[in-house]
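Below is one structure, written out as structure tokens; comments come after it.
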2 protein chains.
Amino acid sequence: MRDDGRVTSAATRRRMSAGELAIWRALVDTTAELRRILGAQLLRDSGLSPADYHVLLALSEANGGRLRSSELAAEIDWERSRLSHHLGRMERRGLIRRDDCSTDNRGAEVSLTEDGTRMFRGATAPHARAVKRHFADALTPEQFEALDDILRTLQNHLHPEQAAITREDLHV
Amino acid sequence: MRDDGRVTSAATRRRMSAGELAIWRALVDTTAELRRILGAQLLRDSGLSPADYHVLLALSEANGGRLRSSELAAEIDWERSRLSHHLGRMERRGLIRRDDCSTDNRGAEVSLTEDGTRMFRGATAPHARAVKRHFADALTPEQFEALDDILRTLQNHLHPEQAAITREDLHV
DNA sequence: CAGATTTGATTGACACGTCAATCATATGCT
DNA sequence: AGCATATGATTGACGTGTCAATCAAATCTG
């Protein structure tokens, strides 16, 4: 609920202003540029693409460094097909392994290889530094707070059903 | 320059906090989801991909609906190779045309076809509505203002040399 | 239990993006 | 003019993402 009494998901009749559209475009452009810069840097520093990094991060945080393929997909919010293609490429490069699942013969268990673990560990620090340098160093604490609020608002708008969870935690 | 006296580009010694990293990840995830949703919607509504739309927008805003290939690339900030590939695909579909440039025999002039013009016009309104519905409707005016500020700050950080230009136009 | 349906995962086709190499024309230099 | 170099643009190879189709194993249902 907001000052004017509208609920987040309520449709309003007015058209979107040019300024709002411009901010949308700026958001897309700026985040695309940041992703491009940080992705290229990550690749140079570690030989891993952002997608590789994302997969390895989820696996390394999982218990025993192994996950069912579908759990992994849910964890990083990827389509199964996309994950399957990407795991194929990562398997070819020796970053991960796929074994048959003992409890479900349809399933696959994805696990980190030693190479994958090592490459991921090597990538973490430089990547964090790059994010800091290109993104975090630019913003004030107030801007971080505002951005956090905006992103939560957008997420709540995209997924209204999960909106209540964080509501309690903030502003009491 | 900021309240604490640091200049935007100054390196700070402290490490990036976990919260800042989380906000970076939320920014990437949320914008990716928005792009995915709006891109799929655009494609369903109009048969145009976001990339198609971007190219057609730049062309339709250009004088006479035609631009040199390199000018177009600069306009939308794409690599030439990317543009060349994409123009090839768009040309096959009859959305644009490439003619030899009269003043420079190396150059190509890109122009809108009637089909391209028509498809672009048809795509504009539903696309704006979708951006409004999924993005603009979520945010308050204050959040827009904060986001605008954050995006400008990030742009200035990415391109320090151009930092002064927009400063005059706003807030007098 | 047999047959239909659902689920976990992969595949193929194709659009998209990046990098390095290429090619032809223009331009600069002596 | 002649040659090196710049520039405008394209190409090929390859990694990536999406959609629809496929396939096998599991589960549901009569």
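Just so it is clear: chains get the letters A, B, ... in the order the sequence lines come, proteins before strands, and each one is counted from 1.
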Can you tell me how far P of C/dT25 sits from CZ of B/Arg68, to the nearest Å? 14 Å

Less than 3.5 Å apart, any donor N or O on the side chain of B/Arg82 or B/His85 sitting next to an acceptor on the other? no

Under a 3.5 Å cutoff, is there a donor and acceptor pairing between the side chains of B/Thr153 and B/Asn156? no

Anti or syn, where syn is a glycosidic angle within 90° of 0; which label fits D/dA6? syn

Looking at DNA chain C, which of residues 97-110 of chain A put a heavy atom within less than 4.0 Å of it? A/Arg98, A/Arg106, A/Gly107, A/Ala108

Let me know the distance between OH of B/Tyr53 and P of C/dC16, rounded to the nearest Å. 16 Å

Quick one: list whatever passes side chain to side chain contact (heavy atoms under 4.5 Å, CB included) with A/Arg44, sequence neighbours left out. A/Ala40, A/Gln41

For B/Leu43, what are the other residues in its hydrophobic cluster, where any two members join if their side-chain heavy atoms are less than 4.5 angstrom apart? none

Rounded to the nearest Å, what distance is computed from the CZ atom of residue B/Arg35 to the P atom of nucleotide C/dG17? 11 Å

Between D/dT10 (P) and B/Arg80 (CZ): distance, integer Å: 9 Å

With a sphere of 6.0 Å drawn around CZ of A/Arg93, does it hold more than 12 non-hydrogen atoms of other residues, nucleotides or ligands? yes

Provide the Watson-Crick or G-U wobble partner of C/dG12, both distances under 3.5 Å; none if there is no partner. D/dC19

Could you run down nucleotides 15-20 of chain D 5' to 3' and tag each one B, S or - for protein heavy-atom contact under 4.0 Å? SBSBBB

Partner nucleotide of D/dA1 by Watson-Crick or wobble geometry (both distances under 3.5 Å): C/dT30

Tell me every residue that passes side chain to side chain donor-acceptor pair (under 3.5 Å) with A/Glu145, counting only those two or more places apart in sequence or in another chain. none

For B/Glu33, check side chain to side chain donor-acceptor pair (under 3.5 Å) against everything at least two apart and list the hits. A/His159

What integer distance in Å separates A/Gln41:CD from C/dC19:P? 12 Å

Could you tell me the separation between the CG atom of B/Leu67 and the C1' atom of D/dA9, rounded to a whole number of Å? 15 Å

May I ask you to say whether B/Arg118 pairs ionically with B/Asp115, meaning some side-chain N is under 4.0 Å from a carboxylate O? yes

Kindly say whether A/Arg68 contributes a backbone atom to a donor-acceptor pair with the side chain of A/Glu71 at under 3.5 angstrom? yes

Once you apply a heavy-atom cut-off of 4.0 Å, does B/Ser84 come out as touching a base, just sugar-phosphate, or nothing? base

